[in-house]
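Down below is the structure, laid out as structure tokens.
Naming convention: chains lettered A, B, ... in sequence-line order (proteins, then strands); numbering from 1 in each chain.
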Protein chains: 2
Amino acid sequence: MTASRVLRGEGGYSEETRVKVMEQVDILGYLPNRLATVFAGDQSSTFIGVSIPDLGNEVFAQVLEGIDRKLGTFGYQSVLGLTQHTQKEEENWIRTVLSWQPAGLILTGRYHSPRATEMLRNAGIPVVEIWDLNAAPLDMSVGINHFDSGFDMGRYLTSLGYKNLGYVGTSHDTANAATERLNGFCKAVEGAGGAVVKQLCLHDTATYYPGFYGTEQLLGSARDIECIFFQNDAMAFGGLQYCAGKGLSVPQDIGIAGWGDLPIASVMTQRLTSCHVSHLKLGQKAAEMMMGRLTDEPVPTCTDIGFRLIPGSTVRNAKA
Amino acid sequence: MTASRVLRGEGGYSEETRVKVMEQVDILGYLPNRLATVFAGDQSSTFIGVSIPDLGNEVFAQVLEGIDRKLGTFGYQSVLGLTQHTQKEEENWIRTVLSWQPAGLILTGRYHSPRATEMLRNAGIPVVEIWDLNAAPLDMSVGINHFDSGFDMGRYLTSLGYKNLGYVGTSHDTANAATERLNGFCKAVEGAGGAVVKQLCLHDTATYYPGFYGTEQLLGSARDIECIFFQNDAMAFGGLQYCAGKGLSVPQDIGIAGWGDLPIASVMTQRLTSCHVSHLKLGQKAAEMMMGRLTDEPVPTCTDIGFRLIPGSTVRNAKA
DNA sequence: AAGGCATAAGTTACCCGTAACGTAAAATGG
DNA sequence: CCATTTTACGTTACGGGTAACTTATGCCTT
């Protein structure tokens, strides 16, 4: 008991005793068992469960980095869960991670299985849903309005005179954010009298290759496409490479727009038209909201991190 | 106690009792507290601490993905630690994560602080050191020989006739792998009668921007450089963009070589000269070795995952 | 019907750190 | 110098799950 007091610096011991305890700590290489503390219910753990669809997507890697760095400054740890974009994986992971008594959970996306939702409610711990902005979150939410970002891109591209637009993306069970962007995009384009031809590479991950082959397929079936909006920048790069390989000049022969504004996009000589989202900041904000809740500070239930359209030079000039 | 038996399917209960227990589990939304099990020492946890320098580097994100996916198939979870390439951060993280009684640890790099090493030895749990191949690991190791990969690149580039070579990289306390590649590179180049001019962007992360500006600085101070070897592909892309912006043709005016073979490198029209390492496989192998040790299977202490030089088209042709 | 033996279910103790409470000695006060 | 307070340290109990052990019940055997 006295040793416990010394180790927690709680006071109520003499300097002489403190030294003796610390000596033994050194000799024994003693490390406290935090499991016992949490188990006894004296305090909550410093685990935060963090579910991320996949890390192959640079964007999510950055979100995770933002989360873990910020949590780290508070002495908290991320327990990772890669859900592969499926609710079933997410549900299983939630069940497992909850049995470890985490202090809170940060989940990507707003759609969860009914059982998952029930477990989350029963757990009685803070939950932050990130990525999709969610006006009615389980607990807290931080993200952007994907529909709006797709809409803005559609409005921008049609304002440049494009009428025949293409979309290249993948489709997962819960890739709802991308689907919402597509919906917003279509609404804007159709509202401006244009049309969108969609090319979905199902069961693929949203990276370079599907961008490359998706573009090939799209242009093979619809030759009059003037400009393509991709699910994300990685796919857009794949599309750019396809065009370069086929001798198609961008933006003279075809326009290319991505989404997410990867770091590499800003260093390329030809600036990729995209939509910037501060992924690192999103992650940090999620961690901050979590920590705010855990320290009983007032926390907004819903935070819009915002986005910014990047005109770039891979679509035709506004004056054209 | 009977409930415990039912939940573990241990046997020694009647069907009637089983049904009654499961009913109550449903009604109460009961989730077992795994903390208690581990705490009691009846079994070890299913946590594996995983330390990664940073996730901004796509390469490490892939390693982590490989680790977590594989661990997931065994019902284990990753507890993440981003060490920012510093031993001090790693040491602090190790101390914290050990207090949570993990089943094992996977650490990036072979150099740890003395205290960290001591804690790792005392912990008595499996440890896999990844990234650098380590013939004398604390416990187990999986990675590649970075010196050799740098050496091979140096030999390849000099075999093409390059004499005046440049290197652009960053330098962190523990970016030892990159330093070893550089050492191997220099040895090969100097052995072939060439010379290497180094440009280190200290205190920067090894991404596009430093690659861009590092190239600018290097070429500003040493105009006769024929070919530049970069710390990694991301920096090489930055260098490529610098060259494109300055009207320097690659490989006619200058050669560019990266390291790591990012996915995007293989879809570019101009194939980046690089060195391929299967990062996902590295992560999976690390997780497999960990699981093998935890299930008392015989596990090799040291696994070389290998690398493959990618000639690419950003350096002059062998016939030139 | 008594003895032997599965099977089902209950009881006790333990894991480790700490809250709550107890106690002895030293310090303080009038 | 005795009463009161403070300081330093000790004791007990608890948390949830489970190993090890005990008890109760029903079944079969001879």
Inset, instruction - Using a heavy-atom cut-off of under 4.0 Å over every strand shown, decide if B:Y13 touches base, sugar-phosphate, or nothing. - result: sugar-phosphate

Inset, instruction - Ignoring hydrogens and angles, answer whether the base of D:dG17 and the side-chain atoms of B:R8 contain a donor-acceptor pair closer than 3.5 Å. - result: no

Legend entry - Minimum-distance pair of heavy atoms, taken over all atoms of B:G75 and B:T46: O-CB, 3.6 Å

Legend entry - Nucleotide C:dA26, atom P - distance to CD of A:E15 in whole Å: 19 Å

Inset, instruction - Respond yes when some side-chain nitrogen or oxygen of A:T2 is under 4.0 Å from OP1 or OP2 of D:dG10, and no when none is. - result: yes

Legend entry - Residues, nucleotides or ligands: over 12 heavy atoms within 6.0 Å of A:R115 CZ: no

Inset, instruction - Counting heavy atoms from C-beta on, name the nucleotide in D:dA19, C:dA19, C:dA9 closest to the side chain of B:T17. - result: C:dA9

Legend entry - Closest to side chain of A:N33, choosing from D:dG17, C:dG17, D:dA8: C:dG17

Inset, instruction - Give a yes-or-no answer on whether the side chains of B:E90 and B:H112 include a donor-acceptor pair shorter than 3.5 Å. - result: yes

Inset, instruction - Could you tell me whether the phosphate oxygens of D:dG17, OP1 or OP2, come under 4.0 Å of any side-chain nitrogen or oxygen in B:Y30? - result: yes

Legend entry - Nearest to side-chain heavy atoms of A:R5, which nucleotide of C:dT18, D:dC9, D:dG16: D:dC9

Inset, instruction - Measure the distance from CZ on B:R18 to P on C:dA8 and round it to the nearest whole Å. - result: 13 Å

Inset, instruction - Just do the side chain to side chain donor-acceptor pair (under 3.5 Å) check on A:Q77 and B:W93 with the steps written out, would you? - result: CA-CA 9 Å; A:Q77 293 80 43; B:W93 174 79; over 6 Å; no

Inset, instruction - Measure from the side chain of B:S14, starting at C-beta and using heavy atoms only, and say which of C:dA8, C:dA19, D:dG17 lies closest. - result: C:dA8

Legend entry - Touch class at under 4.0 angstrom, heavy-atom based, for B:Q43 against every strand present: nothing

Legend entry - Selected nucleotide, minimal atom distance to A:M1 side chain, candidates C:dG17, D:dA8, D:dT11: D:dT11

Inset, instruction - Kindly say whether, by distance alone, the side chain of B:R34 makes a donor-acceptor pair under 3.5 Å with the base of D:dG16? - result: no

Legend entry - Gap between atoms NZ and P, on B:K20 and C:dA8 respectively (whole Å): 14 Å

Inset, instruction - Figure out the CG/C1' separation between A:L35 and C:dG17, and round it to whole Å. - result: 11 Å

Inset, instruction - Check the distance between D:dG16's C1' and B:L28's CG and give it to me in whole angstrom. - result: 15 Å

Legend entry - d(CD, B:E16; C1', C:dT7) in whole Å: 14 Å

Inset, instruction - Report yes if a side-chain nitrogen or oxygen of A:S4 is closer than 4.0 Å to either non-bridging phosphate oxygen (OP1 or OP2) of C:dT18; otherwise report no. - result: yes

Inset, instruction - Please tell me which of the listed nucleotides, D:dG17, C:dA8, D:dG15, lies nearest to the side chain of A:F39? - result: D:dG15

Legend entry - Residue pair B:E297 / B:T295, side-chain donor-acceptor N/O under 3.5 Å: yes

